[in-house]
Amino acid sequence: MSVIKELIKCLISRPVTIKYPYERKEPYPRFRGKISINYDACIGCGLCARVCPALAITLITPPRKKSIRDRRPLVQIYKCVFCGQCALVCPRKAITFSKEYELSSFSKDGMLVAPPFFKNKKHKLRQS
Amino acid sequence: MSLLLEFLKIAIYPGVLFIIVFSLFLEWLDRKIYAHSQHRIGPLYIGPHGILQPFADILKLISKEDITPPHVDKSFFMLAPPVLLYLAILGMFMIPLGALGEPYALLSFEGDYLVVLTITTLITAFVFAGSWASFNRFSALGSIRALLLMVGYEVPLFLCAAAVALDAKTLCLSRIALIQSTSPWFIVMQPIGFIISLIALQAELERIPFDIPEAETEIVAGWLTEFSGKKLAMIRLAHDIELFLLASLIVTLYLGGPWGPMGPSALWFILKVIFVIFLSSILRALFARYRIEQAITFFWKYIIPLSLLQVFIALLIPLV
Amino acid sequence: MPEIEIPVGPQHPALKEPIRFVFRIDGEIVVGAEPRLGYAHRGIEKLGEHRSYVQVLYLSERICGICSVAHTTCYVETAERLFNIEIPPRAKFIRVIVSELNRIHSHLLWLGILAHEIGFDTLFMYTWRDRELVLDLLEMITGNRVLYAINMIGGVRHDITNEMVDKIRKVMDYLEERTKYYKRVVQEDPLMLARLSEVGILSRSDAQKLCAVGPTIRGSGVKTDIRKEDPYAAYDEIPFNIITYTEGDALAKTLVRVDEIQESINIIRYALDHMPSGNINIRVPLRPSPGEAIGRVEAPRGELFYYIRSDGSERPYRFKVRTPTLANIPALCKMLEGVYVADIPVVVASIDPCIACMDRVLLIDTNKGTWNILTGEELRRYSKKWYEKHKIR
Amino acid sequence: MEKENEALILKIIKEIFGEYFISYEAISPNKIFVEIKRENFKFNIKRLIEKLDIWHISTITGTDFEDSIELMYHLWCDKYKTLISIKLKLPKDNPVIESISDIMPGAVLYEREVYDMLGVQFLGHPMLEHLLLPEDWPRGVYPLRKEVPLEKVRKIMLEGSEKNA
C-alpha cells in the first residue's frame, strides 16, 4: 500500500524503458565494443596475441611473405572478453574499441576481425 | 430466419466470439495498466501498441508440443482444460451484456444468479482435479493451496451476493440490472460489498496478493506445472474469460449492468468493465504476495465479519 | 503428515543460478536442508596456476558478475603486497569510489530480487530502474556496465575527470532520496513486514559459530566489517560507520543493506571531496619475488579472501579464492530450519547468494562453458542413489 | 598500537605451542604466519581458540608441494584485530589431520573443499564428501595436485560427460 504515491506518479509520467530496436542509447566514449585494428599502424610485434587472457588473437602471415615482421593479428570476436588489455599493451596504439555492441553474425567468418590479405580458406586457425 | 439470428447471436455478438475477443482485449489492458504502473511500457510490438499480444500468446501455445506425461491420470488431466473453458463461457451467457439493446442476457431465468456463483466454485474444483491428476509434487502443493484459498474467499463472496439479492429481491441477474436502471446503483447502498467482491475477484483469479497456488518463485508453476501446449492455451483462455466473467458480475451487481444515463447500453457495459479491470490491476501492482495461512487469516479475520455486517445492513434498510 | 522431500534446483525460477537443495518438509514447515554445490564450477584456481599475473586479473574479475570489482580489488591488493609496491593515493581513492558504486548497484539489485521473491514485482521494477543510473555512471567511468577492468596491478586504468565528478554528485543526490523512500517502503509496507519479519532467524551465537560474513552476520548484531578492521585502498582515511541490526531475521538483513547504500553514498561524497591529484598507476615488473600474500576485501556479500603464493616465476604457484557466499552456506542451512515452504526463496535470498562466486574452484574447461551434470533422467537416478546412501526414506 | 599487539600475540602463541612452534613471520601490520608441527594439533588449536577467543575462521588453504601438502588455517582474532595463519605440513602419501569442525562448525565446508581438491583426510568430520566435484569423479584423482596436469583434468571431464550422457 505504501507505493501508491509512486505508482500514481508512474502512471502519469512517460515509461523509462526505451523501445530498443527503434530507439537506441548512445554508449559512453569509454565504452569497449567490437575491437578495431588499424592495420597500417600495426608492426606485427605480436604483443597483443601474447597478452590476451582469452587467447582470442592469433598472428597470421600473408600468403607470399615469410618474414616475422609481416605477421598481422587476427581476432576471433566470439572469444574476446573485451578487457582492453591488448589496446593497453600495443606499442603503436593500433588497437581501439568501437562503439558497436551488436556482434552477432550468421557465419564464423563474420565473427573475425582480419587483416586485409586474409582469405579464410587457406589460413589454419590455432584451435586452442 | 429467427433461428439463424439466434444462432448468430450465440456464436458471434454477445456470444462466444465476442467473449473470447473481448477477454483477450481485457488481458492486454490488464498487462498494459500493470506495466505503466511499474513505469514500463508493456506489450508493444505485435499489433498497434501490442494489442494482439495475448492472441499471439495463445496462438504460440497452441502450436507448441502438447506433452502428456506418462505417470499422469489421463481422465482428469485431459478433461480439466476444456471443462474450465466451457464453464467460463457458460457463465458469460448469463450476464446481461446489454447487446443490441436487449435488457436480458442470452440465457436468463430466475436463479441464473446462483448458477454463475456455482460456476466460480466449479472452476476451482476442476482446477484442483486437473492439478491433482498430474501427479507432480509442485502441482499437488499448488492444488492444495488453491482449495485452501477457495475456503477463504468463497464465503465472503457468497455473503455479499446474498446481500445484493436481498435488496433486489430477485435471483435473476438481468432483472437485478434492470432494477438498477431506475433506482440508484447498489454500490451506493452497499460499498462494502463492492470492495469485498473486488478482493474476492483478486483471490479467485489467483492474482497478487493472492497468487499463492501458482507462486512462480516457490513451487515452479504451482498447479500449472504439467500442462503444456493446447491444454495450457485452453487454461490461459479460460483464465481470461473468467476475469471477464467476474468483472462483469461485479458490474452487474454493483454498477448497474449495461444501463447508463443515455447512449447505447453495450458501450456503458464495456466502460464499466474496463473501470473494474483498471481497479484490479492497480491492486495487483500495489501488493506483495501473502503466505497461504496469512491469506486465510486475512479473509476469516477481516473480510468475513465485514460481509456479515454488509448482509445485516442489507436487511435493515429494505430498498424499493 | 509424513516427511516428504522436495528437490529444489539446480534449475528453479527462484534461484537465478544452479544450486541444488534437498528440503525435507513436514506439511508446510521445512525440517532440514542440504545444499549440493558445484554446478557453476569453472576451475579458476587450477586455471590461475597456468596464467600470467595479468591474465589471472581478468580471470578473477569473471568469478562473479555482480561484485566483479571486489574480486579485482582483492586480487590487485594481494598482488601488490607480493610485488611490495605502493600505489599512488589518487588510484586508491578511485578504487574506493568504484567499489562503493558497485556496492550500491549490488544492493539495489538484491532489493529488487528479494521483492520479486515475495511477489512484489512493482518494487522490483522501481529498484532496477534506479540501478540503471549507477550502471550508466560505471559505464562512463570504466567503459563497461559490469566487468569494469578498472583495476590493474600498480593502480587504476582510467581517471575520473571533473565533469564525471559533477555527474556522480547529481546521481548520488537522487539516489539518496530514493534510498530514504525504499527504507520507508520496507519499514511500512504491511505485506513486506508480514513476509520478512521473524523469517529465517539467525541468532548472534549461531552466526558467530557458523562464521557467517557480511550483511548476514551484521543483521544478527555482530559489528564486523573488513573496511574498518583490515582497511585496504583508501578506507582508513574515510570515516563511515558499520550498520548492525540485532533481530537477525530477513527484515534486519534488508535494513542493513538499505542503510549500507546510504553509507556508500556518504563514502563516495567524502572520497570525491578529498580526492588527491597525481598520476593513477605505476609500472610493475613482470615477476614478483617469491613469497605469499593475503588480501581481504569487504565485497557487497561479505568478506572476500584471496591468497596468492609465488615461486618467483611469471605464474602464481597457488591462487586461492574464498568467496562470501560459501561462508554463508552453513548459516543458511541453519536459518532454513523451521521455515515455511513459501519462505524458502526469501530466506535463500536473504544471504544474497552468488552461486557463481561460490563454485569457482575446479576444473571445467572455461571456453566450453559449464558441463551440466544432471539431466532429468540422471536426476532421478542420482536422487534414488543418494537417498539409499543416506538411508533417508 | 600494532607493535605491542603483535608482541603480545607472539608471547601467547609461543606459550601455547611450546616445542611444536617452528617459525613466525609478520608480513604486514595485522597479518601473522605461524608455522607449527603436526603433532597434537587439535589440542593446541583448541587452546589457542579459547585463549584468544577466536570465533571466525576465514578459510583453510591447501597448497601442494613436491613432498608435502601444506595446510593453512586463517583465523581472525577480533580482540587484537589480527589475522593469524597457522601453517602445518602433512606427508604427501597419507595426509591426515583431525577435523576442527566440532570446535568451529563454520569450517565444515572448507575442510570438505580441501578434501575434494587435495585429498586430505579430516578425522571426525561429520560428512566428508565431495563438495564441488561430481559424484562419479574417479577415486584418487585430486585436481589441485601439481602432478595432475590441466589436460588430464579436461579429458576426465569429457569422458565423464560421455559416460553419463
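Residue numbering restarts at 1 for every chain, and letters A, B, ... go by the order of the sequence lines. This structure is a prediction, so every number in the text was calculated from the model and none was measured. These numbers come from the heavy atoms of this one structure, side chains and all, not from hydrogens, waters or symmetry mates.
Here the straight-line distance linking atom CD of D:E113 with atom CD of C:E45 works out to 6.0 Å at 0.5 Å rounding. From D:T59, atom OG1 reaches atom CD1 of C:I294 across 10.0 Å, with rounding to the nearest 0.5 Å. Atom CG of D:L144 and atom NZ of C:K320 lie 8.5 Å apart (nearest 0.5 Å). Rounding to the nearest 0.5 angstrom, the gap separating the CD atom in C:E303 from the CH2 atom in D:W76 is 9.0 Å. Atoms CG and CG, on D:N30 and C:D230 in that order, are 4.5 Å from each other to the nearest 0.5 Å.
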Pair D:K146-C:E49, side chain to side chain contact (heavy atoms under 4.5 Å, CB included): steps then yes or no: CA-CA 10 Å; D:K146 287 298 174 191; C:E49 288 155 15; 3.1 Å; yes
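No other option in D:M104, D:M72, D:H130 has as many heavy-atom pairs under 4.5 Å with chain C as D:M72. Listed options D:S85, D:A107, D:G62 were ranked by heavy-atom pairs under 4.5 angstrom with chain C; first place goes to D:G62.
Side-chain contact between D:P105 and C:L210 is present, with heavy atoms from C-beta onward closer than 4.5 Å.
Interface residue C:Q208: backbone and side-chain heavy atoms are both found under 4.5 Å from chain D. Looking at C:A212, only its backbone comes within 4.5 Å of chain D, counting heavy atoms on both sides. Using a 4.5 Å cut-off between heavy atoms, D:I60 contacts chain C through its backbone alone, with no side-chain atom that close. Heavy-atom distances place the side chain of D:L83, and not its backbone, under 4.5 Å from chain C. The part of D:D78 that comes within reach of chain C is its side chain, from C-beta onward, which places non-hydrogen atoms under 4.5 angstrom from that chain. If you measure heavy-atom distances from D:T82 to chain C, you find no contacts under 4.5 Å at all.
Between C:E292 and D:K31, no side-chain nitrogen of the basic residue sits less than 4.0 Å from a carboxylate oxygen of the acidic one, so the salt-bridge criterion is not met. For the pair C:R309 and D:E70, the salt-bridge criterion is met [side-chain N within less than 4.0 Å of a carboxylate O].
Here the options are C:T224, C:I217, C:V222, C:V213, the test is side-chain contact (heavy atoms from CB on, under 4.5 Å), and the partner is D:H56; only C:V213 passes.
For the pair C:R322 (side chain) and D:S58 (backbone), a donor-acceptor distance under 3.5 Å is present. A donor-acceptor contact shorter than 3.5 Å links the side chain of C:K46 to the backbone of D:R145.
Classified by interplanar angle (parallel below 30°, tilted 30° to 60°, perpendicular above 60°), the ring pair C:Y317/D:F65 is parallel.
Nearest heavy atom pair, residue D:G106 against residue C:C211, reads CA-SG, 3.8 Å. Closest non-hydrogen pair, D:L109 versus C:L326, comes out as CD1-O, 3.7 Å.
Checked against the 6.0 Å centroid criterion, the rings of C:F305 and D:Y110 do not qualify as a close aromatic pair.
The 12-atom threshold is exceeded at NZ of D:K42, counting heavy atoms of other residues, nucleotides or ligands nearer than 6.0 Å. Within 6.0 Å of NZ in D:K51 there are 12 or fewer heavy atoms belonging to other residues, nucleotides or ligands.
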